[in-house]
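Scroll down for the structure; my scribbles are underneath it.
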2 protein chains.
Amino acid sequence: MQMTPDLAKQDCSACPIRHRAVCARCEPDELTRLEEIKFYRTYEAGQPVAWAGDKMDFVASVVSGAATLTQTMEDGRRQMVGLLLPSDFVGRPGRSGASYDVVAVTDLVMCCFRKVPFEQMMATTPHVAERLLEMTLDELDAAREWMLVLGRKTAREKIASLLSIFARRDVLVGAAHTRSVEFDLPLTREAMADYLGLTLETVSRQMSALKRDGVITLKGKRGVLVPDLDLLMEEAGDDSDGGMLS
Amino acid sequence: MQMTPDLAKQDCSACPIRHRAVCARCEPDELTRLEEIKFYRTYEAGQPVAWAGDKMDFVASVVSGAATLTQTMEDGRRQMVGLLLPSDFVGRPGRSGASYDVVAVTDLVMCCFRKVPFEQMMATTPHVAERLLEMTLDELDAAREWMLVLGRKTAREKIASLLSIFARRDVLVGAAHTRSVEFDLPLTREAMADYLGLTLETVSRQMSALKRDGVITLKGKRGVLVPDLDLLMEEAGDDSDGGMLS
DNA sequence: CCATTCGTTTGATCTGCGTCAAAGCGCACT
DNA sequence: AGTGCGCTTTGACGCAGATCAAACGAATGG
């Protein structure tokens, strides 16, 4: 959780309000104010960012790495309710504590803003509040999309749906109209199971099945090669194009 | 979908920004502007409010009755992703179309605001934008709570979780510290199944089981009596107090 | 009054996934 | 090289919930 001075001045395109990429309407002095209250934190794989109920005095967005939001029942059953990948946002303006356990699953760099000045900024600059609302609506859509996965999809479809999420972040256009992708899974089988409402054994079995059927190829322990993204998305039972066109 | 003149002047405490109850900071002229762009619509049970992809030129909140947000796969599998009860909000500022099918499940009255003037209002009055963000965050929390239900709870726990949602809206304090509640189920068994990721048969069986075990009593077709709310919430596997204290 | 329809209940059977158990990898230490 | 540890894979078996099927009750309408 130490500061990383070498990052302190970096111009981070994945900042909470994505001020370079999206908030083009921001005035220069607004950007300056954002830069002033910004700092970076790093976490190691497995390290907690916050436990449910803890006070969180900052909001942040992921620069690199991945983190998970999970909920746990008293008897130990766990459900991941959010997956934070680069550019995703954490922290609730107007709420004192974290609602869920936030844990780094790989080495993680986050771009943070102290909560109090950030909220002041929100209250005075409509752009920021609007951008935050837009991001929250996106999260809500993602959560609802996932409700369909959890409630109605088979184990195989669930795995394919999860792989699609990662695959769609790194699409390569191959020859002959097939889109192939290669990426590293940031999650263990257990974490995948927690996300999908399955057990790790079922996850493992279905991964093997998808491999056997040629939908994916496993490269070492973490690497996954998807020769045909369309085939994967068909396996996921997804009617949409996965947002590739938007 | 006809206008209801008798409602047109009613002071609706469940309006989108809940301006009477919540937006106490609003100036009188802001309230007046809201009143000016407000109108009411009624729908009959079963009637669609909007299909996924349709343009929705208004945002609204539920005054009375209930509506559902559902997602459907090509093969017909359906998952409800949201349940709209009085005071709940529908419609996305900044988005052109509905993301999900919105259907009235009982007779429904909605308090609507034309989208364009509402968004103008949002852009100029920080209260409204903040209130909307707060409401969206609440929805997001509810969606994530529901992900735990869908992913990790047993059929019996799922039913109890759903019943808790309705029960907590109408709590009566009984004698001897037990809290008893009585309410009408606004959903059919099939709709409950769509919400819970189950089949209607399983829903029916588990309802019977809860009745047999004295957790609930069925009054006619739709009426449900919960003699002890704490017992129901224990069945739901809920560690929280259900927000009763907050 | 009966017939139709729509939602609900209940039963019998099947199956996908969970559970329990054991073995197979890398990979980091010593 | 050898040992231990964390993660993954694979197998055997059982069960919760799906599926298929039938009957029931209440409301509606001729």
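Throughout, a chain's letter reflects where its sequence line sits, starting with A, and its residues are numbered from 1.
The main-chain N or O of Tyr195(A) is found under 3.5 Å from a side-chain atom of Gln79(A) such that the two form a donor-acceptor pair. With hydrogens and angles disregarded, a donor-acceptor distance shorter than 3.5 Å links the side chain of Arg152(B) to the backbone of Arg78(A). Not a single donor-acceptor pair under 3.5 Å links the side chain of Asp107(A) to the backbone N or O of Glu44(A).
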Go through the steps to decide whether Leu218(B) and Val224(B) satisfy the test side chain to side chain contact (heavy atoms under 4.5 Å, CB included), and finish with yes or no. CA-CA 5 Å; Leu218(B) 301 181; Val224(B) 176; 4.1 Å; yes
Trp146(B) and Leu83(B): CA distance, side-chain angles, deciding distance, side chain to side chain contact (heavy atoms under 4.5 Å, CB included) verdict: CA-CA 11 Å; Trp146(B) 208 249; Leu83(B) 178 61; over 6 Å; no
Side chain to side chain contact (heavy atoms under 4.5 Å, CB included) between Arg77(A) and Glu157(B), intermediate numbers included: CA-CA 13 Å; Arg77(A) 280 178 283 177; Glu157(B) 288 169 335; 2.8 Å; yes
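Taking every nucleotide of DNA chain D with any atom under 4.0 Å from a non-hydrogen atom of chain B, the first and last of them, 5' to 3', are dG17(D) to dC20(D). Mapping heavy-atom proximity under 4.0 Å, the span of DNA chain C touched by chain A runs 5' to 3' from dC17(C) to dC20(C).
Between Asp141(B) and Arg92(A), at least one side-chain N (NZ, or NE/NH1/NH2) sits under 4.0 Å from a carboxylate O, which counts as a salt bridge. With respect to Lys219(B) and Asp184(B), no salt bridge is recorded, no charged nitrogen being found less than 4.0 Å from a carboxylate O.
Pairing each heavy atom of Met110(A) with each of Ala60(A), the nearest pair is CE-CB, 3.9 Å.
Against DNA chain D, the stretch residues 183-197 of chain A makes heavy-atom approaches under 4.0 Å through Thr188(A), Arg189(A).
The shortest distance between side-chain heavy atoms of Val226(A) and Leu163(A) does not fall below 4.5 Å.
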